[in-house]
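Residue numbers run from 1 in the order of the sequence given. Predicted model, so just to flag it, every value in this text is computed and none were measured.
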Amino acid sequence: MAKRWLQRIMSLLWPIPVSRSEGNFGMLEVRWEGGRKVLNSAHGNQSFGSLHRVWQQAFARIDLRAFPPANVLLLGLGAGSVPAILRKELGCDAPITAVEIDPGIVQLGRSEFELADHADLSIVPGDATVRIHALPERYALVVVDLFEDLDLARGVDTMGFAHALRDRCNGILLFNTVGYNAESTQRCDRVKENLTRCFISVDELVLEDVNRVFIAR
C-alpha cells in the first residue's frame, strides 16, 4: 500500500513504469501517469488515460447518468475503462457484454485494474468484427473501441460491420475513431459514411485533438 501511494505521488512529476508485456499488437506498458495507473501501447493509451477521458465525455454527451441503458455491448474491452466509468463513476448496473481479442490485455485488466470486481460483466474472447454476427441479443448501448495500437482495427470501416452494428443496436451507438494522418482520417471518414447509411442520425464529437466519436441513433 505504501509503495502504491508513493508511485501515485511520484507520477505527478514523471511517469513511473510498473510492467511491460507483449500483446497481440505489440508492447503493452502499465505505468503511473499523473497520479493514475494507465495502460499504454507503443503509440497510444489503451485504458485509463486519454481514452478514459474520451469515454467520460462521450457518456456525458448522451447524458447516460440520467438515461441509463438496459444493457451494454462493448466491442474492445481493453483493461476496463468503460466498465469502470459505467460502474464506479455513473452507477450504471446494466449487464455488460464485452468482446476482446487480446487475452493479455484482459489479464492485465484483472491483475492491475480491478477488472474482476465489476459485477455482471461477461467477456467474450475473439475478433469483434466476427463475433458480433453471432451475438443473439440487441443492446440499448453499443460502444465500439477497436484498435491495433493507434490504428483502427481491420474490418471496422466496412459496410458489413456497420450493418452488423445496426442489427445489434436498438438504442445508441458510440464509435471511437482516431485520425492522426491522412490515411487514418480517411478511415474515420469511411466509418462515418457507413454509419450514416445504416442509422437514422450520426453526430460527431471531437475529443483529445485526434479522437472522433460518432454518436449514431
Side-chain angles (χ1 to χ4, degrees), residues 21-26 28 39 41 44-48 51-52 54-55 58-59 62 64 69-87 90 92-178 187 191 194-195 198-199 211 213-216:
S21 58
E22 190 71 25
N24 280 18
F25 305 108
L28 298 170
L39 175 64
S41 59
N45 176 251
Q46 297 298 314
S47 296
F48 295 99
L51 182 64
H52 197 84
V54 164
W55 288 121
F59 292 150
I62 65 171
L64 190 145
N71 56 0
V72 179
L73 174 62
L74 172 58
L75 304 181
L77 171 64
S81 267
V82 167
I85 296 170
L86 294 177
R87 295 287 191 258
L90 299 177
C92 176
D93 59 3
I96 303 171
T97 298
V99 183
E100 175 56 56
I101 196 172
D102 192 339
I105 285 185
V106 175
Q107 180 55 42
L108 287 173
R110 289 170 174 155
S111 63
E112 299 287 350
F113 298 97
E114 303 176 338
L115 183 61
D117 292 351
H118 301 309
D120 216 351
L121 170 62
S122 301
I123 301 175
V124 179
D127 185 339
T129 63
V130 176
R131 291 288 189 181
I132 190 171
H133 297 284
L135 296 174
E137 295 184 60
R138 302 191 75 196
Y139 299 85
L141 176 65
V142 178
V143 178
V144 182
D145 193 27
L146 295 171
F147 289 86
E148 298 174 5
D149 193 4
L150 195 58
D151 293 312
L152 288 171
R154 286 166 290 181
V156 302
D157 52 347
T158 64
M159 277 300 300
F161 187 58
H163 280 298
L165 291 173
R166 174 67 274 179
D167 291 343
R168 298 277 62 77
C169 181
N170 61 1
I172 298 177
L173 167 74
L174 298 177
F175 196 132
N176 182 34
T177 67
V178 169
R187 296 192 69 196
V191 168
N194 293 343
L195 294 179
C198 295
F199 289 79
N211 290 85
V213 178
F214 301 121
I215 305 171

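The backbone N or O of Ala140 lies less than 3.5 Å from a partner atom in the side chain of Asn71, making a donor-acceptor pair. Put simply, the side chain of Arg168 gets close to the backbone of Glu137: a donor and an acceptor are under 3.5 Å apart. Here the side chain of Ser47 pairs a donor or acceptor atom with the backbone of Ala79 at under 3.5 angstrom. The backbone N or O of Phe113 sits nowhere less than 3.5 Å from a side-chain atom of Arg110 that would complete a donor-acceptor pair. For the pair Ser41 (side chain) and Leu28 (backbone), a donor-acceptor distance under 3.5 Å is absent.
The shortest heavy-atom contact between Pro69 and Ala94 is O-CB, 3.2 Å. Nearest heavy-atom pair, Asn24 versus Pro103, reported as atom, atom and distance to 0.1 Å: OD1-CD, 4.1 Å. For Val213 against Asn176, the heavy-atom pair with the smallest separation is CG2-OD1, 3.7 Å. Residue Phe161 comes nearest to Leu75 through the heavy atom pair CZ-CD1, 3.9 Å, listed as atom of the first residue, atom of the second, then distance. When all heavy atoms of Asn194 and Ala162 are compared, the pair lying nearest together is CB-CB, 3.8 Å. Taking all atoms of both residues into account, the shortest heavy-atom contact from Leu77 to Pro83 is CD1-CG, 3.7 Å.
Side-chain contact between Thr97 and Val72: absent, with no pair of heavy atoms (C-beta onward) separated by less than 4.5 Å. Between Val144 and Phe214 there is no side-chain heavy-atom pair separated by less than 4.5 Å. For the pair Ile101 and Phe25, the minimum side-chain heavy-atom distance is below 4.5 Å. In this structure, the side chains of Asp120 and Asp93 stay at 4.5 Å or more apart for every pair of heavy atoms. Looking at heavy atoms from C-beta onward, Asp145 lies out of side-chain contact with Val82 at the 4.5 angstrom threshold. Phe147 is not listed as a side-chain neighbour of Val156, based on a closest heavy-atom distance of 4.5 Å or more. Side-chain contact check for Leu195 versus Leu165: some heavy-atom pair is nearer than 4.5 Å. Between Val142 and Ile172, the closest side-chain pair of non-hydrogen atoms is not below 4.5 Å.
Atoms CG and CG, on Leu51 and Leu39 in that order, are 10.0 Å from each other to the nearest 0.5 Å. Between atom CG of residue Asp102 and atom CD of residue Gln107 there is a gap of 11.0 Å, rounded to the nearest 0.5 Å. Rounded to the nearest 0.5 angstrom, Arg87 CZ and Ile85 CD1 are separated by 12.5 Å. We find the CG-OG1 distance between Leu146 and Thr177 to be 11.5 Å, quoted to the nearest 0.5 Å. Here Ile123 contributes atom CD1 and Leu115 contributes atom CG; the two are 4.5 Å apart, rounded to the nearest 0.5 Å. One finds the CZ atom of Arg187 at 9.5 Å from the OG1 atom of Thr158 (value rounded to the nearest 0.5 Å).
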Problem - Steps toward side-chain contact (heavy atoms from CB on, under 4.5 Å) verdict (Val99, Ile132) - result: CA-CA 8 Å; Val99 183; Ile132 190 171; over 6 Å; no

Problem - Full working for side-chain contact (heavy atoms from CB on, under 4.5 Å) between Leu174 and Trp55 - result: CA-CA 9 Å; Leu174 298 177; Trp55 288 121; 3.7 Å; yes

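A salt bridge links Arg154 with Glu148; the closest basic N to acidic carboxylate O contact falls under 4.0 Å.
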